[in-house]
Amino acid sequence: MPKKDGKEVLKEIRANKKHDNVKIVMITASKATNSTIQAYKKLGANGFLLKPLKIQEIRDEIARLLK
């Protein structure tokens, strides 16, 4: 993203209580470590996917979040 990174956007969304029920899945092209994924989850991310994305991974993540 040109002006903000994913962490900044995630923090802004989670700072607004009217978005508490919004499910957020972070997607990255970089290699993410387990500690990075946990840091995003602590900030309020509900899921995490790595590129290149596979359609079944997306479907599985959506199904998991809708349960």
Side-chain angles (χ1 to χ4, degrees):
M1 293 181 285
K3 296 186 180 189
K4 296 181 183 183
D5 66 15
K7 283 184 181 179
E8 290 176 283
V9 173
L10 180 58
K11 287 177 186 178
E12 287 181 18
I13 292 169
R14 290 301 182 220
N16 188 332
K17 294 297 177 191
K18 74 178 186 177
H19 300 305
D20 282 352
N21 292 326
V22 173
K23 303 294 184 192
I24 300 173
V25 177
M26 303 301 291
I27 300 171
T28 185
S30 63
K31 297 281 184 187
T33 64
N34 196 19
S35 61
T36 302
I37 293 169
Q38 293 307 314
Y40 276 104
K41 287 184 177 183
K42 283 183 183 178
L43 291 174
N46 302 99
F48 204 92
L49 294 171
L50 298 174
K51 292 180 183 177
L53 297 171
K54 294 184 177 115
I55 192 68
Q56 192 57 50
E57 292 172 336
I58 298 168
R59 287 180 180 146
D60 291 347
E61 189 65 8
I62 291 169
R64 184 185 71 78
L65 292 173
L66 292 176
K67 287 184 180 179

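Quick note: numbers below take in every heavy atom, side chains included, and nothing from hydrogens, waters or symmetry partners. Just so you know, these numbers come straight off a predicted model, no measurement behind them.
In the hydrophobic clustering of ILVMFWY residues, with side-chain heavy atoms under 4.5 Å counting as a link, Val22 and Leu43 come out together. Leu66 is connected to Leu49 through a chain of hydrophobic side-chain contacts under 4.5 Å among Ile, Leu, Val, Met, Phe, Trp and Tyr, so both are in one cluster. Clustering ILVMFWY residues whenever any of their side-chain heavy atoms sit less than 4.5 angstrom apart, transitively, puts Ile27 in a cluster other than the one holding Val9. Ile37 and Val25 fall into different hydrophobic clusters, where Ile, Leu, Val, Met, Phe, Trp and Tyr side chains are chained together by heavy-atom contacts under 4.5 Å.
Interatomic distance, Leu10 CG to Lys4 NZ, rounded to the nearest 0.5 Å: 12.0 Å. The line from NZ of Lys51 to CD of Glu57 is 13.0 Å long, rounded to the nearest 0.5 Å. With rounding to the nearest 0.5 Å, the separation of CG in Asp20 from CD1 in Ile13 is 12.0 Å. Here the straight-line distance linking atom CG of Asp5 with atom NZ of Lys11 works out to 8.0 Å at 0.5 Å rounding.
Residues Tyr40 and Gly6 come closest through the heavy atom pair CE2-C, 4.2 Å. Between Leu50 and Ser30 the shortest heavy-atom distance is CD2-O, 3.8 Å.
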Derivation and outcome, salt bridge (Lys or Arg N to Asp or Glu O under 4.0 Å), residues Glu61 and Arg64: CA-CA 5 Å; Glu61 189 65 8; Arg64 184 185 71 78; 2.7 Å; yes
- prompt: Step by step, would you call Gln56 with Arg59 a side chain to side chain contact (heavy atoms under 4.5 Å, CB included)?
  reply: CA-CA 5 Å; Gln56 192 57 50; Arg59 287 180 180 146; 4.0 Å; yes
